[in-house]
Amino acid sequence: MSGLSRALCSNSMRPVFIALSGLLVASSISADPVVNGTVGESVVLLAGFSQQSDITGVEWSFGTDVIANEGNINGTKQFKDRVHLNRTDWSLTINLLRAEDSGEYNCAFETATGQLPTHAVTLRVYEKIESEVTRKPSHETCRATLLCTTNQREHVSYRWKRGDQDLPEHAGILEVALSPGEINVTFTCIASNPVSEATASIRESCDYIAFVTESSGGVSFCVLKSVLLSVGLVLMISAVIGVHVRDCMHTKRNVRRHRAACET
Ligand SMILES: *[C@@H]1O[C@H](CO)[C@@H](O)[C@H](O)[C@H]1NC(C)=O
């Protein structure tokens, strides 16, 4: 890009050129100037012009650094050999994205009649998300606190499912309560960031013995067993007494019958 066009494009001249070039490129600026990229993958930044035949120069810059132009399509500085400038539509492909590639990119064009307004594209590079669900250590049964953790520090949103049902919770933490008899209920966390989604699951159960022990207000299983044994013992003693009493009545009746037989 020549020094002359750069000078012409100084702020004082800009309104004139915007007005002029507006005639050339009416409605060709792309609508969405924010692009999301993933670490390690590629992204294409569009030049913002649909068709422009009389372009004589193009310059992509990142911050204050020119990173590619019509004479150097493979990039400089941190982008060396990671970018490719497409000579047909002047889009810029960035490969093997890094977190530090996040920022504003500017694309400036020069035509035979002057310089067109620069087109800005903001690139946000995110890491691909990974997630895991763990159970917070606890001695409670039939209740659990589930934690969904990811490799991200920010820009994470969460959804939860119980089986196939969506749950209303949207935090990285989920309190669950099961009813007795619910076995192997799957809880799934779906964590996402602007470029990816990851699911992770855990199974929870609530069996009867555990529930009874738990709901007897912290009474230990040992105490519960003693109570059951005592009840059993009482029932057994009652049975023995019952049988004995019946035998006694039986014997008495026999004696009476014997006496009656003797008297006749
Ligand atoms: C990029 O991510 C933002 C959230 O940070 C989102 O609002 C936007 O829709 C995403 N853009 C595209 C093109 O996916």
Side-chain angles (χ1 to χ4, degrees), residues 18 21-22 25-52 55 58-69 73-75 77-109 116-134 146-161 165-174 187-201:
I18 288 173
S21 53
V25 291
S27 77
S28 58
I29 309 285
S30 92
D32 186 3
V34 178
V35 174
N36 302 323
T38 308
V39 169
E41 295 182 6
S42 300
V43 76
V44 177
L45 304 182
L46 297 179
F49 299 88
S50 52
Q51 205 63 47
Q52 188 77 29
I55 283 172
V58 62
E59 191 175 271
W60 274 97
S61 54
F62 178 62
T64 53
D65 298 331
V66 173
I67 56 170
N69 58 30
I73 61 167
N74 290 320
K77 313 235 163 118
Q78 80 184 66
F79 297 96
K80 181 129 186 68
D81 297 326
R82 284 200 300 131
V83 300
H84 178 79
L85 179 63
N86 183 324
R87 284 186 196 274
T88 309
D89 62 4
W90 304 111
S91 64
L92 186 74
T93 302
I94 310 175
N95 299 309
L96 296 169
L97 282 170
R98 303 172 186 169
E100 63 263 30
D101 296 342
S102 293
E104 192 180 283
Y105 292 76
N106 281 287
C107 178
F109 285 94
L116 305 182
T118 54
H119 169 64
V121 183
T122 299
L123 174 65
R124 295 198 185 118
V125 181
Y126 300 93
E127 225 168 295
K128 201 168 185 163
I129 200 165
E130 287 163 24
S131 68
E132 185 187 21
V133 179
T134 51
L146 306 181
L147 302 171
C148 189
T149 49
T150 71
N151 58 342
Q152 317 275 308
R153 248 167 276 145
E154 43 191 3
H155 307 294
V156 185
S157 55
Y158 302 91
R159 286 188 291 128
W160 290 90
K161 281 186 174 196
Q165 286 314 105
D166 289 319
L167 295 175
E169 284 84 356
H170 287 280
I173 188 164
L174 182 74
F187 289 91
T188 306
C189 167
I190 303 125
S192 54
N193 73 351
V195 295
S196 58
E197 192 172 274
T199 64
S201 299

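Counting starts at 1 for both ligands and their atoms, in listed order. What's counted below: heavy atoms across the whole structure, side chains too, no hydrogens, waters or symmetry copies.
Looking at N193, V39, T38 one by one, the single match for side chain to side chain contact (heavy atoms under 4.5 Å, CB included) with K128 turns out to be T38.
Remark: among candidates V35, T122, N36, V195, the nearest residue to atom 10 (C) of ligand 1 is N36, based on non-hydrogen atoms.
Less than 4.0 angstrom separates some heavy atom of P194 from each of these atoms of ligand 1: 2 (O), 4 (C), 5 (O). The ligand atoms of ligand 1 that sit less than 4.0 angstrom from a heavy atom of Y126 are 5 (O).
With hydrogens and angles left out, the side-chain atoms of S192 and S157 include a donor and acceptor closer than 3.5 Å.
To the nearest 0.5 angstrom, I94 atom CD1 is 5.0 Å from F79 atom CZ.
Heavy atoms of other residues, nucleotides or ligands lying less than 6.0 angstrom from CD of Q165 number 12 at most.
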